[in-house]
Visitor: 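Dropping a structure here in structure tokens format, bear with me for questions.
Reckoned from all heavy atoms, side chains included, excluding hydrogens, waters and symmetry mates.
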Amino acid sequence: MSEKVRVRFAPSPTGPLHIGGVRTALYNYLFAKKYNGDFILRVEDTDQNRMVEGAEQYIVDCLKWLGIEPNEGVSFGDGSYTPYRQSERKNSYRQYAEKLVEAGHAYYAFDSEAELEQSKAANPNAKYDAETREHFKNSLTLNKDEVTDLLKSDAHYVIRIKLRANEDVKFYDEIRGWVTVNTSQMDDKVLLKSDGMPTYHLANVCDDYVMKITHVIRGEEWLPSAPLHVLLYRYSGWENEMPKFAHLPLLLKPEGNGKLSKRDGDRLGFPVFLLEWTDPKTNEVSSGYKEKGYLPEAVLNMLAFLGWNPGGTQEIFSKEELVDLFTIEHIHKAGAKFDFEKAKWFNAEYIKRLDDKVLASLVKEDVEEKFGTVDTQYLCRACRLVKERLIFLNDITSAYGYLFKTPAEYEEAILFKVKNIKEILILDDFIQLIGTFYEKDEEIENKIKEFATTNAIKAGDLMKFIRVSLVGEFSGPAIPDLILLLGKEEAAKRIRNCYDQI
RNA sequence: GGCCCGUUCGUCUAGGGGUUAGGACAGGAGAUUUUCAUUCUUCAAACACGGGUUCGAUUCCCGUACGGGCUACCA
């Protein structure tokens with residue numbers, strides 16, 4: 001590639017960024033980094049009515065958490081094309097629209113909302129295009145003086161693109177190949193709204209041109225309007241600098257049909273957002289991957305593989321490796337259903353590969369919040385013990401709290417299953433045995449088994465009892481490891497405590 | 001409805017004119033483990049359908065079905 005690659009992620013801050021949008025951002029990031037290009041965050045806030053408080057900051061936070069920070073754009077430092085918020089670029093768009101009018105590729109339209117609705121009501125398929133625009137109130141049907149007067153008065157008007165009738169518009173999509181749409185299927189889209197704001201189409205094309213964007217990588221929902229954008233480049237005289245297009249397949253619901261939507265997350269008990277989001281109007285809270293205990297690296301890896309695959313059988317890749325491997329050619333064409341089980345697997349894999357110390361530092365806050373101050377050394381050892389059993393980071397506090405807190409009371413039903421130990425075990429003898437344990441787990445295991453035989457206790461029964469004492473349930477890490485971690489005194493204390501409760 | 005895009009195991013996917021169609025997740029079985037998890041072994045599981053083209057099609061072409069998207073002064 002001769003010119004410098006520049007891509008952009010251009011969300012509109014109308015709510016929390018969902019996982020599909022995040023993947024779009026990720027692909028843009030990977031592509032940019034692969035070619036040592038620029039990755040830009042541009043906020044498309046041209047619809048003032050749909051703006052949601054906090055949404056822009058939320059987008060920024062998501063990108064930061066995932067580790068795919070733009071090197072230019074809103075809140076990531078100015079490049080040469082500031083500002084990066086379209087509302088702040090408002091004044092720049094009119095000139096381009098006016099130029100199109102002058103060149104005969106656009107026109108003023110004065111139809112009121114009511115009038116447009118009326119025509120829609122008369123014919124639901126009504127279009128505003130080459131065939132029908134003569135029936136509307138616009139600078140093509142009105143005479144010059146009327147138009148001048150209307151423009152001078154404070155009448156509301158929009159600028160619409162003037163499409164030629166029955167013209168095939170062809171463009172090349174990097175993922176799908178050539179796509180052709182006939183203008184008879186499109187209509188004279190509004191370019192500049194009556195409030196002076198550009199629509200997506202105009203703003204998008206102008207900014208991509210001005211910001212020297214080389215590749216437009218966006219969701220497939222934009223595919224049908226891409227021909228319109230191509231025409232805008234052509235009519236503006238920018239066709240030679242038109243970016244390449246790549247329309248990404250959509251992320252679909254895990255079950256049933258349809259595009260993954262914001263509601264799916266909590267309905268299915270899994271997040272569709274990276275970060276927890278509280279709706280500023282309803283105060284409704286939607287869960288996030290971060291809060292659920294996902295590692296950003298795992299989410300990134302998982303997301304990268306949803307619709308893309310480098311070939312081969314390896315699935316765990318670092319961000320750097322993904323950057324290295326990423327190519328648009330390997331992006332799949334069909335939509336991908338989101339699979340939460342696979343997401344869990346990725347997370348568990350990443351946790352397993354974490355260094356004990358790193359894991360400890362990641363869970364420290366959660367642990368201390370629930371169980372009070374914990375010795376770092378101890379936390380590291382606890383982490384090593386449960387690392388390969390964790391799916392989520394906070395499993396350590398929800399499922400392995402006994403590593404940090406003495407079980408106070410044991411469940412009746414569980415005690416019932418070990419109660420036979422009461423008559424056959426001489427507690428003091430066993431406590432004494434614990435005192436003889438050294439720092440080796442086979443040695444501990446052997447001693448326990450030996451003790452069982454000499455005291456005519458089934459080894460399994462003894463183990464079960466010890467396990468319940470230490471943990472409060474029938475599953476968990478190996479008993480010798482547990483004893484070594486908790487310490488002989490704590491272990492003895494728990495065993496005595498449990499024995500007393502039987 | 002119209003237009004555009006798509007369709008390989010349940011899911012994510014590899015592959016591509018001649019393959020026992022490969023991997024992963026989930027599922028089944030087994031081994032290891034005092035337990036659970038991990039780990040290991042193993043099993044089951046797919047080219048939507050119908051026509052072409054071809055010696056040969058899952059792969060190329062056309063149609064059908066199905067799925068998705070778009071069809072706003074929303075992005």
Visitor: Need to verify one output field. Residue with the more 5' nearest nucleotide on RNA chain B, A:E113 or A:R467?
Guide: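 Final value for this comparison: A:R467.
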
Visitor: Please measure how far the C1' atom in B:rG50 lies from the corresponding atom in B:rU7, and state the result in whole Å.
Guide: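 One C1' to the other, the span is 15 Å.
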
Visitor: Whole-Å distance between B:rU39 P and A:E388 CD?
Guide: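 Nearest whole value for this atom pair: 8 Å.
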
Visitor: Kindly write out the residues that satisfy side-chain hydrogen bond (donor to acceptor under 3.5 Å, both in side chains) with A:S87, not counting sequence neighbours, or none if the list is empty.
Guide: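 Here the qualifying residues are A:D45.
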
Visitor: For A:R160 and B:rC73, is the shortest distance between a side-chain N/O and OP1 or OP2 below 4.0 Å?
Guide: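 For B:rC73, OP1 or OP2 has a side-chain N or O of A:R160 closer than 4.0 Å.
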
Visitor: Does A:H332 put a side-chain nitrogen or oxygen below 4.0 Å from OP1 or OP2 of B:rA14?
Guide: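 Indeed, a polar side-chain atom of A:H332 lies that close.
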
Visitor: So, do A:Y294 and A:F392 have ring centers that fall under 6.0 Å from each other?
Guide: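 Centroid separation for A:Y294 and A:F392: below 6.0 Å.
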
Visitor: Take the protein atom CZ of A:F9 and the nucleotide atom P of B:rA75, then report the distance between them rounded to whole Å.
Guide: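 In whole Å, B:rA75 P lies 16 Å from A:F9 CZ.
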
Visitor: Rounded off to whole Å, could you give me the CD1-to-C1' distance for the A:I175 and B:rC4 pair?
Guide: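 Rounded to whole Å, this separation is 15 Å.
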
Visitor: Is the phosphate of B:rU7 approached by A:K333 (side-chain N or O, under 4.0 Å from OP1 or OP2)?
Guide: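 No.
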
Visitor: Expressed as a whole number of angstroms, how long is the span from A:L252:CG to B:rG10:P?
Guide: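 In whole Å, B:rG10 P lies 17 Å from A:L252 CG.
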
Visitor: For nucleotides 21-27 of chain B, just jot down a letter per nucleotide in 5' to 3' order: B, S or -, based on protein non-hydrogen atoms under 4.0 Å.
Guide: --SBSS-

Visitor: For B:rA75 and A:K193 - does any side-chain N or O of the residue sit under 4.0 Å from the phosphate oxygens OP1/OP2?
Guide: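 Yes, within the criterion.
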
Visitor: Tell me the interatomic distance from A:D187, atom CG, to B:rC3, atom P, rounded to whole angstroms.
Guide: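 Spelled out: CG on A:D187 to P on B:rC3 is 15 Å.
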
Visitor: May I have the distance from A:L250 (atom CG) to B:rU7 (atom C1'), rounded to whole angstrom?
Guide: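 The answer, rounded to whole Å, is 15 Å.
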
Visitor: Ignoring backbone atoms, establish whether A:T46 has a side-chain N or O less than 4.0 Å from OP1 or OP2 of B:rA75.
Guide: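 Yes, because at least one side-chain N or O of A:T46 sits under 4.0 Å from OP1 or OP2 of B:rA75.
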
Visitor: Is the A:F136 ring parallel, tilted or perpendicular to the A:Y128 ring (thresholds 30°, 60°)?
Guide: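 Correct class here is parallel.
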
Visitor: Could you tell me how far B:rC60 sits from B:rU42 if I compare only their C1' atoms? Round to whole Å.
Guide: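 So the two C1' atoms sit 38 Å from each other.
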
Visitor: Between A:K127 and B:rG2, is there a side-chain N or O to OP1/OP2 distance below 4.0 Å?
Guide: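 No.
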
Visitor: On a plain distance test, is the side chain of A:R50 in donor-acceptor contact with the base of B:rC74 below 3.5 Å?
Guide: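 A donor-acceptor contact between them is present.
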
Visitor: Counting C-beta onward and ignoring hydrogens, is there a side-chain heavy-atom pair between A:P224 and A:V181 closer than 4.5 Å?
Guide: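 No; the side chains remain at least 4.5 Å from each other.
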
Visitor: Over how many whole Å does the gap from A:I414 atom CD1 to B:rU35 atom C1' extend?
Guide: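 Computing the A:I414:CD1 to B:rU35:C1' distance gives 12 Å.
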
Visitor: For A:F430 and A:F451, I'd like to know if the aromatic rings sit close, meaning centre-to-centre distance below 6.0 Å.
Guide: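 Ring centroids of A:F430 and A:F451 are less than 6.0 Å from each other.
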
Visitor: Please report the distance, rounded to the nearest Å, between CZ in A:F340 and C1' in B:rC12.
Guide: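 Rounding to the nearest Å, CZ of A:F340 and C1' of B:rC12 are 14 Å apart.
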
Visitor: Can you list the steps and then say if A:D195 with A:Q48 is a side chain to side chain donor-acceptor pair (under 3.5 Å)?
Guide: CA-CA 10 Å; A:D195 65 358; A:Q48 299 294 304; over 6 Å; no

